[in-house]
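Down below is the structure, laid out as structure tokens.
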Amino acid sequence: MSESSSSPSPTPGSTGTHVFVTVGSTRFDALVQTVLSEPVLDVLRKRGYRTLDVQCGNSDFDTSHLRRDADDHWQRAGDLETSIWRFKPSLKEDYERADLIISHAGSGTIIDVLRLRKPLIVIPNPALLDNHQAELSDALAGLGHLRSSTVADLPEAIEGLDKSTLVPFPQFDGSRFRELLDEEMGYQDHTSPGARR
Amino acid sequence: MTGTPGWLVPVAAVTVGVILVRLYIVVTAPRTAKPSGRRDAIERCSFAVFLGSGGHTSEALSLVSALDFNRYVPRTYIISEGDTLSMQKAVNLESAKAAEAPDTMPSSMRSDPRYTFVVIPRARRVHQPLLTTPFTAALSLIAAVWHITVGPLIAGPPVPEVLLLNGPGTCCVLCIATYLNRFLGLRSPKLIYIESFARVRHLSLSGKLLRPLVDRFIVQWPELVKDKRRDECHGWLV
């Protein structure tokens, strides 16, 4: 067994051992089922994670080994405590608590997570017809901001993730758009990196 | 002997000809080589944005949040029927901006609200069969024309000076209504289109349709720039 890097180091706002999985408002059965399967749980344990939350949206998965403790809310105790639920009005707190986030490839989720400087593994959903989502995850992976993976390769992606090599995603800078619009509407006080040619 | 009057065909032909020529002039008019006439720093600029729901709303509001709210006023948020979430997000943004920078004009002096909502029916709902789409699109277009073309002529607020679009199908309907204004020689908003951050290598359908029609066509990934004279990329804006 290789010890290629030390156990995960805590990210801002967290304990160092929490994983959060999200599919947003979509349905992504394959991702949820894989995350709850032994190969993934095994590699998460080995990498030092102790708790796992899964926001499963509209996905279907096997609940037979889980304890249902409320409507649309399941638990599994053990050495990787798991909690599964469908929706919350805001995921901000869950993002902040997490040391690793595994997510569908929605652009809004990606931007929110990367701006919180959290390590992110993105899984484009192959069942979606128009898969421009995969283009975004590939492009950002190519720039080093996140890791992109298939459902099948998820254990390997988790195993091989070296958080120290992730490139921070730029924070929001509204000045570009502001100056572009000011210049277009005739204001003279812009400094205009967006000037028309 | 009955039959079509002799004058009918020539008159019809001339009318169609005039319409086609006018359309040609309007559609191929050079985009203003320079931006609108100079504007003083304290002058206001009326502004509208279409919030298409979901990721489109988030991106659009992100862009709007960058603007000086004392400069771009009044603001009109155009939303699709039933999209209360987008309305809520816009209200949240307005509250946040009001809290961080107090208005330069006290409310006692102000007769018009700083921002309003305009609701138009969706051109097409998700998964709606294409067979019924022409009918819903027509309703959507009628509403757009009412707000952009007819309303300002009769009683309503004046046409906004700029309209920000970022992708979803109903954008096209707003663009058509804007062109109706141009065709009739009425004031029309500048059309600014910003393709979604999620579009890296291929434009959305709305992007492809609107690219030749809008005044500024802006993408966020360089690979989408096909014609440098028309397409712009200034990096990530959201």
Side-chain angles (χ1 to χ4, degrees), chain A residues 24-26 87 89-92 104-115 122 124 128-143 145 148 168-197, chain B residues 31-47 54-60 62-68 71-72 85 161-162 164 189-192 194 196-205 215-216 218 220-224 228-230 232-238:
Chain A
S25 58
T26 71
F87 295 106
S90 164
L91 298 180
K92 188 155 186 284
H104 76 135
S107 59
T109 304
I110 290 176
I111 294 176
D112 288 345
V113 169
L114 291 182
R115 289 225 159 112
V122 160
L128 291 180
L129 288 178
D130 165 23
N131 214 348
H132 68 270
Q133 279 194 350
E135 290 179 7
L136 179 62
S137 17
D138 288 345
L140 292 176
L143 293 169
H145 294 301
S148 181
F169 188 77
Q171 295 298 351
F172 176 60
D173 175 10
S175 64
R176 274 190 256 192
F177 176 65
R178 181 174 63 239
E179 282 160 12
L180 189 153
L181 191 61
D182 279 350
E183 183 241 349
E184 178 66 21
M185 301 316 294
Y187 291 103
Q188 304 302 309
D189 55 3
H190 60 90
T191 50
S192 196
R196 285 295 282 290
R197 293 161 296 295
Chain B
R31 301 292 166 249
T32 40
K34 291 194 295 192
S36 357
R38 292 175 59 105
R39 207 181 278 255
D40 290 333
I42 51 159
E43 263 183 75
R44 303 209 142 111
C45 179
S46 57
F47 171 87
H56 292 282
T57 292
S58 300
E59 284 205 33
S62 196
L63 297 171
V64 172
S65 76
L67 301 176
D68 180 345
R71 173 170 283 188
Y72 290 94
L85 188 56
E161 296 179 77
V162 57
L164 181 63
K190 283 217 175 210
L191 296 173
I192 316 267
I194 311 234
S196 166
F197 171 74
R199 295 292 178 165
V200 179
R201 304 183 61 214
H202 298 99
L203 288 180
S204 62
L205 178 60
D215 299 301
R216 298 283 293 262
I218 296 156
Q220 301 190 59
W221 292 85
E223 201 176 326
L224 297 174
K228 288 210 186 106
R229 294 165 302 170
R230 180 193 53 193
E232 303 170 51
C233 180
H234 305 291
W236 301 336
L237 299 178
V238 297

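Just so we're on the same page: letters track the sequence lines, and every chain starts at 1.
- Per-residue counts of heavy-atom pairs under 4.5 Å with chain B were compared for A:Leu140, A:Ile110, A:Asp138, A:Thr109; the largest is that of A:Leu140.
- Annotation: B:Ile42, atom CD1; neighbour count of heavy atoms from other residues, nucleotides and ligands within 6.0 Å does not exceed 12.
- Distance CZ/B:Arg44 to CE/A:Met185: 15.0 Å, rounded to 0.5 Å.
- Neither the backbone nor the side chain of B:Ser204 comes within contact range of chain A, judged by heavy atoms closer than 4.5 Å.
- Residue contact with chain A, scored on non-hydrogen atoms closer than 4.5 Å, involves the backbone and the side chain of B:Leu237 alike.
- Residue B:Trp221 touches chain A through its side chain alone, counting heavy-atom pairs closer than 4.5 Å.
- For the options B:Asp40, B:Ile194, B:Ile192, B:Val238, heavy-atom pairs under 4.5 Å to chain A are most numerous at B:Val238.
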Steps toward side-chain contact (heavy atoms from CB on, under 4.5 Å) verdict (B:Arg199, A:His132): CA-CA 7 Å; B:Arg199 295 292 178 165; A:His132 68 270; 3.5 Å; yes
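- In this structure, A:Gln188 contributes its side chain and A:Gly186 its backbone to a donor-acceptor pair below 3.5 Å.
- Checked by atom type and distance alone, the side chain of B:Arg71 never pairs as donor or acceptor with a backbone atom of B:Cys45 at under 3.5 Å.
- Your options are A:Ala139, A:Gly108, A:Gly106, and the one with the most heavy-atom pairs under 4.5 Å with chain B is A:Ala139.
- With a threshold of 4.5 angstrom between heavy atoms, B:Glu161 approaches chain A through its backbone and through its side chain.
- In this structure a side-chain-to-backbone donor-acceptor pair under 3.5 Å is missing from A:Gln133 to A:Pro124.
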